[in-house]
Amino acid sequence: MNAALNPVASPHVMNTYGRLPIALTHGQGCRVWDVNGKSYLDALAGIAVNTLGHAHPKLVPALQDQVAKMIHCCNYYHIPDQERLAQMLVERSGLTNVFFCSTGLEANEAALKLARKFGHDKGIERPEIVVYEKAFHGRSIATLSATGNPKIQAGFGPLVEGFIRVPVNDLAALKKATAGNPNVVAVFFEAIQGEGGVNPMTVDYMQGLRALCDANDWLMMIDEVQCGMGRTGKWFAHQWAGILPDVMPLAKGLGSGVPVGAVVAGPKAANIFAPGNHGTTFGGNPLAMRAGVETIRIMEEDDLLANAERVGTRLKTRFATALMEHPGVRDVRGHGLMLGIELAKPCGALTQRAADAGLLISVTADSVIRIVPPLIMTEAEADQVADILLPLITTFLAE
Ligand SMILES: *Cc1c(COP(=O)(O)O)cnc(C)c1O
């Protein structure tokens, strides 16, 4: 057999993923192809990363241009596109200052450092941060400690201390868990939990939490790594609640596939770091910044926020109409192009079956089918997603 056609053999790559036996080579729009020439509709977007799909005709020439000029130069110098992208993020978030890094966990690590230093600066020596059940914040030691999934933490203790864990959407529980504790400095949550199973925080909860943060001088830190950057139809998912966070980590969709992370801060957190407090070699490099600038520019030019909301609503309606009465379906939820279908039984097997049928999806939290396609997805493509997926689900539930 031709080795290039055997997509499962990677004996020298560390075994950290349960990979499907598929090797992808290229893509165009919402479609990708594997080494055998089979094509798939992409409803995963590299885990909510490929905002503009694959080989976008406006992004490709911009990145080619940038690669030919400069990829990296390090933060010992001013990088003009950092200021440009920072300004774009500030304008769209209502916040004031940005630190650039390369990944989601790094953005979250920066947020956690901001929260701790915020505490130390006001004399709190053992700052504590409120985090959530089912949260996912990354795989570094600090961010996996903030993560609310024992499977992700197993084997990596001792965990970082200073976290107080509470259930989502339960203000009374949070008040009880923090009552009389002078060391609390921040609350840290995803506006819609991604890996935890597409669990949205309610508008009421986020508004109540904002008031509580103000009353107690806590930083409100919203991890928008997965739900941000237009995915729900607004730039950032918390904007549906009309609130402003103090700290907002971003990554995934920000560079449309080029690794870009950012932590965006409002006035309460913008001046916590001084030179020497934080840094990164790759973060904010010219290629990454160009990818971010062009992603936002193209998103606006092509009206992709409105598209995410319109196409997402259509898809959610189709799922809900077909599945909500089904006894094997617990819930259809999410917003825009961040949708989850929770089944009453584990459904990891569906990822392979969908791929066999020419559709890329993922299953998260064991029993939640997650749909996070490129924001360029058309209504016709969304209909194809539903046409392929719905019969697979009903067959699976009948087994
Ligand atoms: C993916 C994700 C992260 C981690 O991002 P990496 O780039 O994998 O480090 C953190 N928070 C949320 C909400 C995520 O979805």
Side-chain angles (χ1 to χ4, degrees), residues 14 16-17 19 44-51 99-115 129-149 151-153 156 160 163 165 168 186-201 206 220-232 235-238 245 247-264 280-285 288 291-292 295 333-340 361-365 368 370-373 375:
M14 272 196 204
T16 54
Y17 289 93
R19 296 175 199 264
L44 180 59
I47 319 180
V49 166
N50 298 303
T51 304
F99 173 84
F100 289 108
C101 52
S102 308
T103 66
L105 82 78
E106 285 175 273
N108 286 336
E109 192 83 25
L112 296 173
K113 284 180 69 175
L114 280 172
I129 299 169
V130 175
V131 293
Y132 288 79
E133 291 170 2
K134 298 187 187 172
F136 181 81
H137 297 297
R139 303 280 195 158
S140 68
I141 297 289
T143 57
L144 77 80
S145 301
T147 289
N149 180 344
K151 279 192 213 159
I152 286 173
Q153 297 170 335
F156 299 107
V160 171
F163 293 110
R165 195 164 307 280
V168 300
V187 295
F188 184 37
F189 65 96
E190 300 152 84
I192 302 177
Q193 292 183 333
E195 303 307 302
V198 190
N199 307 311
M201 296 285 179
M206 288 194 275
M220 175 182 255
M221 311 205 298
I222 308 187
D223 180 348
E224 292 256 1
V225 167
Q226 187 162 159
C227 58
M229 289 311 296
R231 182 149 292 284
T232 65
W235 278 109
F236 308 108
H238 69 266
V247 176
M248 177 176 68
L250 299 173
K252 289 201 165 86
L254 177 52
S256 234
V258 176
V260 192
V263 60
V264 188
T280 162
T281 301
F282 288 121
N285 79 36
T295 296
R333 57 179 177 253
H335 205 145
L337 286 173
M338 182 167 185
L339 299 177
I361 56 161
S362 77
V363 167
T364 187
V368 181
R370 173 175 49 179
I371 306 292
V372 283
L375 304 191

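The figures here come from the full heavy-atom set of this structure, side chains too, leaving out hydrogens, waters and symmetry mates. Heads up: numbering here begins at 1 and tracks the sequence. Whatever order the structure lists ligands and atoms in, that order sets their numbers, starting from 1.
In terms of polar-atom proximity, Q226 is counted as a contact of ligand 1, with an N or O under 3.5 Å from an N or O of the ligand.
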Open item on the list: Show, in sequence, the C-alpha distance, side-chain angles and deciding distance for E195 and R370, and conclude whether the salt bridge (Lys or Arg N to Asp or Glu O under 4.0 Å) test is met.
Closed with: CA-CA 9 Å; E195 303 307 302; R370 173 175 49 179; 2.6 Å; yes
TODO: Check the pair V168 / M201 against side-chain contact (heavy atoms from CB on, under 4.5 Å), numbers first and verdict last.
DONE: CA-CA 7 Å; V168 300; M201 296 285 179; 3.6 Å; yes
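The distance from ligand 1 to the heavy atoms of E190 drops below 4.0 Å at these ligand atoms: 13 (C). If you number the atoms of ligand 1 from 1 as listed, the ones under 4.0 Å from a heavy atom of T103 come out as 7 (O), 9 (O). For ligand 1, the atoms lying closer than 4.0 Å to a non-hydrogen atom of N108 are 10 (C), 11 (N).
At the top of the distance list for atom 5 (O) of ligand 1, counting protein heavy atoms only, stands G104 CA, 3.2 Å. In this structure, the protein non-hydrogen atom closest to atom 9 (O) of ligand 1 is L105 N, 2.8 Å. The closest protein non-hydrogen atom to atom 11 (N) of ligand 1 is D223 OD2, 2.8 Å.
Among D223, T143, T147, T103, the single residue meeting the side chain to side chain donor-acceptor pair (under 3.5 Å) criterion with N108 is D223. Of the candidates V264, V247, V263, L114, F99 forms a side chain to side chain contact (heavy atoms under 4.5 Å, CB included) with just one, namely V263.
With a 6.0 Å radius and a threshold of 12 heavy atoms from other residues, nucleotides or ligands, F282 has its CZ atom at or below the threshold.
Between H137 and F188, the ring planes are parallel. Angles under 30° get that label, and only those over 60° would be called perpendicular.
Of the candidates E195, K252, E224, it is K252 that places a heavy atom closest to atom 15 (O) of ligand 1.
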